[in-house]
Protein chains: 2
Amino acid sequence: MSDTSLAEVLRERGLRLTAQRQLVLEAVYGLGHATPEQVHAKVAKTAAGVNITTVYRTLELLEELGLVTHAHLSHGATTYHPVVGEQHVHLVCRICHAIQEVPAAMLNPLASKIEKERGFQVDPAHVALFGLCARCGGNQ
Amino acid sequence: MSDTSLAEVLRERGLRLTAQRQLVLEAVYGLGHATPEQVHAKVAKTAAGVNITTVYRTLELLEELGLVTHAHLSHGATTYHPVVGEQHVHLVCRICHAIQEVPAAMLNPLASKIEKERGFQVDPAHVALFGLCARCGGNQ
DNA sequence: CTAAGTGCAAAGGTTTTGCAAGTAG
DNA sequence: CTACTTGCAAAACCTTTGCACTTAG
């Protein structure tokens, strides 16, 4: 996702390209996974004045534009991540809260079974699987 | 889960059986899925004076005791549910927020694949799959 | 220019904490 | 009795909203 395409997507909707929007998008891409707070911190390194309110509003906008998505990972933390390339499923450790990713394709057999049986279309990128990671699980 | 076994589990830890703890546990069992707020409302029907703070503290305690668990369903809402009988996976619609359940066993093939490849043990009851339900998906 | 975007401050909602009063065992 | 529990009030979060100022196009 380059600034050019951000500009285009914005222009299609009559919206404006601003420094803040570029910075927030770059932060999400740079961080991979991040809470609004973390995005704000990263953006602040470049442009100290950017308000957390703007970060929230921009993340919401970028999500509408299809450039980022969010997932609900541990204890209510909303985590944003880029929409790019291969989608993935998050594995969240209940103990150490470490996040791993596995290819979303692994979910396909389950997803099609659920769709057949329930008519429910699973959105793999938004899915979180909770459990115990190798390190924490080994000790329990 | 009877009051008797709640009393036993508490006694093993030197904790006390109180009316509030019985009511909160009963509320979770009666509701199936519930936010702390909903548990509080249900408890209030029997004992009006119970404080929301106590509900939060009690839910946390009951989870430590293994009597209830929680999952993170839509937009950060913490939802508690009983640990009893068949475990299930939650399907949460991103549009109407309706919740369906499917047997946790459906997750088994995926869970064992992930455990083999990553050493990560998936906890099915804590899992939420986001997507579009039959009604909302059909219209999109 | 002028409509869209931002920053600031304040409000809203949820969850946690400190402490004195209450009570189960 | 006495340590565990509760209720209350306040604080701590996280997120949203209203409004005047700023700015991209």
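Residue numbering restarts at 1 for every chain, and letters A, B, ... go by the order of the sequence lines.
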Given [options], identify the nucleotide with an atom nearest to the side chain of [X].
{"X": "L15(A)", "options": "dT14(C), dT6(C), dG5(C)", "value": "dG5(C)"}
{"X": "T54(B)", "options": "dG7(C), dT6(D), dT6(C)", "value": "dT6(D)"}
{"X": "T58(B)", "options": "dT15(D), dT6(D), dC4(D)", "value": "dT6(D)"}

(message) Angle between ring planes, H81(B) versus H33(B), binned at 30° and 60°: parallel, tilted or perpendicular?
(response) tilted

Using the rule that Ile, Leu, Val, Met, Phe, Trp and Tyr join whenever any side-chain heavy atoms are under 4.5 Å apart, tell me whether [X] and [Y] fall into a single cluster.
{"X": "L17(B)", "Y": "V68(B)", "result": "yes"}
{"X": "Y80(B)", "Y": "I52(B)", "result": "no"}
{"X": "Y56(B)", "Y": "V43(B)", "result": "no"}

Rounding to a whole Å, what distance do you find between [X]:[atom1] and [N]:[atom2]?
{"X": "Y56(A)", "N": "dG5(C)", "atom1": "OH", "atom2": "C1'", "answer": "19 Å"}
{"X": "H70(B)", "N": "dT15(C)", "atom1": "NE2", "atom2": "P", "answer": "11 Å"}
{"X": "E64(A)", "N": "dG5(C)", "atom1": "CD", "atom2": "P", "answer": "11 Å"}
{"X": "L23(A)", "N": "dG7(C)", "atom1": "CG", "atom2": "P", "answer": "10 Å"}
{"X": "L61(B)", "N": "dC4(D)", "atom1": "CG", "atom2": "P", "answer": "13 Å"}
{"X": "I52(A)", "N": "dG5(C)", "atom1": "CD1", "atom2": "C1'", "answer": "17 Å"}
{"X": "H40(A)", "N": "dT16(D)", "atom1": "NE2", "atom2": "P", "answer": "15 Å"}

(message) Taking the side chain as everything from C-beta on, heavy atoms only, tell me whether T79(B) gets closer than 4.5 Å to H90(B).
(response) no

(message) Less than 4.5 Å apart, side chain to side chain, heavy atoms only: is that true for L59(A) and V28(A)?
(response) yes

(message) Angle between the end axes of the helix from dC1(C)-dG25(D) to dG25(C)-dC1(D), five pairs per end, to the nearest 10 degrees?
(response) 30°

(request) Look at R16(B) and dT23(C) and indicate whether a side-chain polar atom (N or O) is within less than 4.0 Å of OP1 or OP2. (result) no

(request) For dT23(C), take OP1 and OP2 only and decide whether either is under 4.0 Å from a side-chain N or O of Q20(B). (result) no

(message) If I take atom CE from residue M106(A) and atom CG from residue L110(B), how far apart are they, to the nearest 0.5 angstrom?
(response) 5.5 Å

(request) Tell me, yes or no, whether the heavy-atom count around E63(B) atom CD, taken from other residues, nucleotides or ligands under 6.0 Å, exceeds 12. (result) yes

(message) Just checking E64(B): does its CD atom have more than 12 heavy atoms from other residues, nucleotides or ligands closer to it than 6.0 angstrom?
(response) yes

Pairs under 3.5 Å (N/O, protein and nucleotides 8-12 of chain C):
none

(message) Quick check: on DNA chain C, is the nucleotide nearest T18(B) upstream (toward 5') of the one nearest E37(B), or the reverse? Name the residue that is more 5'.
(response) E37(B)

